[in-house]
Q: 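This is the structure, below, for whatever I ask next.
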Amino acid sequence: LFPPTSPIQDLSLPNGTPVDTSSPASSSSLLNRLQLDDDLDVETRDLFVTVDDPKKHVCTMETYITYRVTTKTTRAEFDLPEYSVRRRYQDFDWLRNKLEESQPTHLIPPLPEKFVVKGVVDRFSEEFVETRRKALDKFLKRITDHPVLSFNEHFNVFLTAKDLNAYKKQGMALLSKMGESVKYVTGGYKLRSRPLEFAAIGDYLDTFSLKLGTIDRIAQRIIKEQLEYLVELREYGPVYSTWGGLEVELSEPLEGVSACIGNCCTALEELSEDMTEDFLPVLREYILYAESMKNVLKKRDQVQAEYEAKLEAVALKREDRPKVPTDVEKCQDRVECFNADLKADMERWQNNKRQDFRQLLMGMADKNIQYYEKVCIT
Amino acid sequence: MEDCLAKKMEITVSEAEKRTGRNAMNIQETYTAYLIETRAVESQSEGQCAPVDSLWRRYSEFELLRNYLSVTYPHIVVPPLPEKRADFVWHKLSADNMDPDFVERRRIGLENFLLRVASHPVLCQDKIFYAFLTQEAGWKEMVNETGFQLKADSRLKALNATFRVKNPDKRFTELKHYSDELQSVISHLLRVRARVADRLYGVYKVHGNYGRVFSEWSAIEKEMGDGLQSAGHHMDVYAASIDDILEEEEHYADQLKEYLFYAEALRAVCRKHELMQYDLEMAAQDLTSKKQQCEELATGTVRTFSLKGMTSKLFGQETPEQREAKIKVLEEQIQEGEEQLKSKNLEGRDFVKSAWADIERFKEQKNHDLKEALISYAVMQISMCKKGIQVWTNAKECFSKM
């Protein structure tokens, strides 16, 4: 529908890191396109990705799970209209790292946690695998929806390559070079003054993470209390039954109450399960998001610091080196643009996500309650 | 159907007051007094408002009344008093007798007790009961003058003492068994209910924390701020709602408690019957042995071993005059015994008849009351759920506006 934003100029920072940049002029037009993006209907989308069908693989060295990644697309960047490959968590992790390296100014969606404490959580349990699958699916969908990230070369390979490992090895050679440059960028520049805007974002993210953390703890506490309540309820119901056995006329209503309580137990159990599976992971995901956003901010700070230092150097040397500052400034512009937009994006997503899982929570409370109503004796 | 006192007279226990005074051992103590108000119903229907009579009574006087009724009407399932000490409490409820909530619930329980007695076809006609309601001074003396304490069988106080009855009445045995089971199941129920209430309280209250954190969070948000703030408010409402809910549930618990204690009253009737039966059998046994003794003395044959027999063998036979005297005494005793046995049998049959009538009445009352209690409990639960739906629906709306 609109021409893909492939790199117009392959500008690179003095350190050699390839950066996906374009002139400031096109930044604003990009912004416009981004706005369009938000109103995108399903019909105008040209890339669909799904993660499903987890399978366990048992090898001599290790046991692991792979997921099927299905792609459907009409984009020119893809040779075929459909792809179906199998990927494991490692591959997703690799993809994310690649994206961070190649698009350092962009906000890369978070992955579910890499390491799971063995013994506390069963890595192969149905619930865990399903939770992870959902998170991975969301991860890819977010990249798909991103106007720049979705055109990333590595992403393309991830979706299409039969043998991802071969491609990974190829990239290793470049990695060492990149590793140096990454260090260069983040090396020792002191920031003079952070623009208020970004300071505010930083503060916001700090408080945001804090509050989400608190909510996570509260939700966990509620689930714990609910489970303890459930334990007592489980003892409560049968006592009515026992009593019913003693009585003649009253046995029916007593049995009724007992059955009622039994149903409440089931409904409550479902509620707690749903909370654990759907609500908590989303919270954690946003906390991770906030973390990675903060990292992007740091990078931005570094870039600005570098710019300022160079500026100083220029002033001192009395050299006219407009190109470097321009590059850096462009970089900064880009960061600002995308940061702002992504933040807006995130808000909207948060909005919807919150709606989604609050609705879920309430739907569950509803279910719980409807059970009560349905089964209570009158 | 005789007209019960309850129909002729309005009875309420309307107030409770803390008092200090000196007790029987002249020690200063604090206690609660309850105001009993009575008003004749008939004159009201004539359009006139009858005057209200009132007097104050304390719990121990209620106890005295009940003891009197239990002893005087052993075949009746006497309504129980509300508990002496707070039992089956969950953590928020106080176990303190002076706690205003406890006093309030006790007030209701005492009123209920009086109404139960006043609606009982037999008990409502009792003069002492009437005096309890209407005559403040000198009531205690009146009760003691009836000498009921002498009638009270101290053997009954030994709750676990077993009387080996040879021919127990099956119906009473079953009933006693039932009352034991009922007591056990209701107390189990009340205990678990208290724990359930405790846990439910915890769940609701933690949701209050959501209120706080949403409020804090809304401070840093722009578009989401209002939605979060109002949703947080609803969480606070949710957390607060549990207090009223559980207070209502206490009422249900009190209804169950009444029948827990009623079960004890039922058991008491069975025990009295058991004792009666035992006395009857003992009397019959005694009579039989006396008759046997008489026969032995008359015929000179010793059929059963007796110390007397042995001693007489050892120390020589009795004189015929002595034997005659003994026989005469025994014959008198046998005569007496037979009369006693006859009256005891009669007493027994009367007891069984009237006891069983009251037990049937009680059964019907129990089934009716408990059914209503269960229904109102269900209604309570439904209302609690409806409130929950309301709160969460409101919260949902707030979220949707974020």
Side-chain angles (χ1 to χ4, degrees), chain A residues 203-204 207-208 210-212 214-215 217-219 221-222 224-233 235-240 242-243 245-250 253-254 256-257 260-261 264 347-348 350-352 354-355 357-359 361-366 368-373 376-378, chain B residues 178 181-182 184-186 188-189 191-207 209-210 212-214 216-217 219-224 227-228 231 363-364 366-368 370-371 374-375 377-379 381-382 384-386 388-389 391-393 395-396 398-402:
Chain A
D203 288 338
Y204 167 80
T207 314
F208 178 69
L210 222 71
K211 293 309 154 197
L212 280 191
T214 308
I215 293 180
R217 276 192 302 279
I218 296 173
R221 173 93 185 273
I222 289 180
K224 177 168 165 277
E225 296 279 343
Q226 278 175 339
L227 288 177
E228 288 179 352
Y229 173 57
L230 193 61
V231 167
E232 301 297 348
L233 267 189
E235 202 189 316
Y236 190 46
V239 182
Y240 279 99
T242 311
W243 188 0
L246 267 188
E247 300 284 341
V248 175
E249 260 193 61
L250 290 176
L254 286 169
V257 175
C260 210
I261 296 175
C264 296
E347 294 286 355
R348 241 167 289 122
Q350 260 194 32
N351 193 347
N352 290 326
R354 286 284 182 268
Q355 267 205 64
F357 62 67
R358 279 304 182 210
Q359 279 194 6
L361 171 61
M362 256 130 18
M364 288 183 267
D366 271 346
N368 192 354
I369 288 158
Q370 274 156 22
Y371 263 113
Y372 271 94
E373 281 180 329
C376 267
I377 47 160
T378 41
Chain B
Y178 166 76
E181 298 277 299
L182 188 67
S184 152
V185 85
I186 295 185
H188 188 197
L189 192 69
R191 268 198 307 276
V192 182
R193 192 210 70 88
R195 292 207 300 264
V196 168
D198 220 353
R199 290 290 171 210
L200 191 61
Y201 183 79
V203 171
Y204 269 73
K205 283 300 176 191
V206 179
H207 279 83
N209 294 343
Y210 271 147
R212 207 177 344 125
V213 76
F214 282 169
E216 292 166 5
W217 184 7
I220 60 168
E221 293 289 343
K222 285 180 222 121
E223 300 114 13
M224 298 205 306
L228 277 176
K363 271 194 193 153
E364 265 189 56
K366 173 200 73 157
N367 286 334
H368 173 264
L370 287 176
K371 207 180 245 177
L374 288 172
I375 290 174
Y377 183 57
V379 168
Q381 296 298 311
I382 291 176
M384 170 175 99
C385 295
K386 287 219 168 106
I389 294 179
V391 168
W392 280 108
T393 313
K396 184 171 159 179
C398 295
F399 288 129
S400 66
K401 292 197 189 128
M402 273 187 355

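Here is how names work: the chains are called A, B, and so on, in the same order as the sequence lines, proteins then strands, and each is numbered from 1.
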Q: Go through the atoms of B/I186 and report whether side chain, backbone, both or neither lie under 4.5 Å from a heavy atom of chain A.
A: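 Answer is side chain: those atoms of B/I186 sit under 4.5 Å from chain A.
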
Q: Of all heavy-atom pairs between A/E225 and B/V206, which one has the smallest distance, and what is that distance?
A: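 Heavy atoms of A/E225 and B/V206 come nearest at CG-CG2, 4.1 Å.
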
Q: Do NZ/NE/NH1/NH2 and the carboxylate oxygens of A/E247 and B/K366 come within less than 4.0 Å?
A: yes

Q: Taking the inter-plane angle between the rings of B/Y377 and A/Y240 on a 0 to 90° scale, is it parallel (under 30°), tilted (30 to 60°) or perpendicular (over 60°)?
A: parallel

Q: Kindly give the heavy-atom pair with the smallest separation between A/L250 and B/K371, and that separation in Å.
A: CD2-N, 3.9 Å

Q: How long is the straight-line distance from NZ of B/K205 back to CZ of A/R221, given to the nearest 0.5 Å?
A: 12.5 Å

Q: Output all residues satisfying side-chain contact (heavy atoms from CB on, under 4.5 Å) with B/E364, sequence neighbours left out; order by chain, then residue number.
A: none

Q: Should A/T207 and B/W217 be marked as a side chain to side chain contact (heavy atoms under 4.5 Å, CB included) after you check the CA-CA gap, both sets of side-chain angles, and the distance that decides it?
A: CA-CA 8 Å; A/T207 314; B/W217 184 7; over 6 Å; no

Q: Nearest 0.5 Å, what's the CG-CD distance between B/D198 and A/E232?
A: 8.5 Å

Q: Where do A/Y236 and B/R193 come nearest, in terms of heavy atoms and distance?
A: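 Residues A/Y236 and B/R193, closest heavy atoms: OH-CG, 3.5 Å.
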
Q: Looking only at heavy atoms, which two atoms of B/Y178 and A/L246 are closest? And how far apart?
A: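 What the structure gives for the nearest pair is CE1-O, 3.9 Å.
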
Q: Look up atom CD in A/Q226 and atom CG in B/L200, then write down how far apart they are to the nearest 0.5 Å.
A: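 Between atom CD of A/Q226 and atom CG of B/L200 there are 9.5 Å.
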
Q: Once side-chain contact (heavy atoms from CB on, under 4.5 Å) is applied, do any residues pair with A/T242, and if so which ones, sequence neighbours excluded?
A: B/V185

Q: Might you point out which heavy atoms bring B/I220 and A/F208 nearest each other, and give the distance in Å?
A: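 For B/I220 versus A/F208, the nearest heavy atoms are CD1-N, 3.7 Å.
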
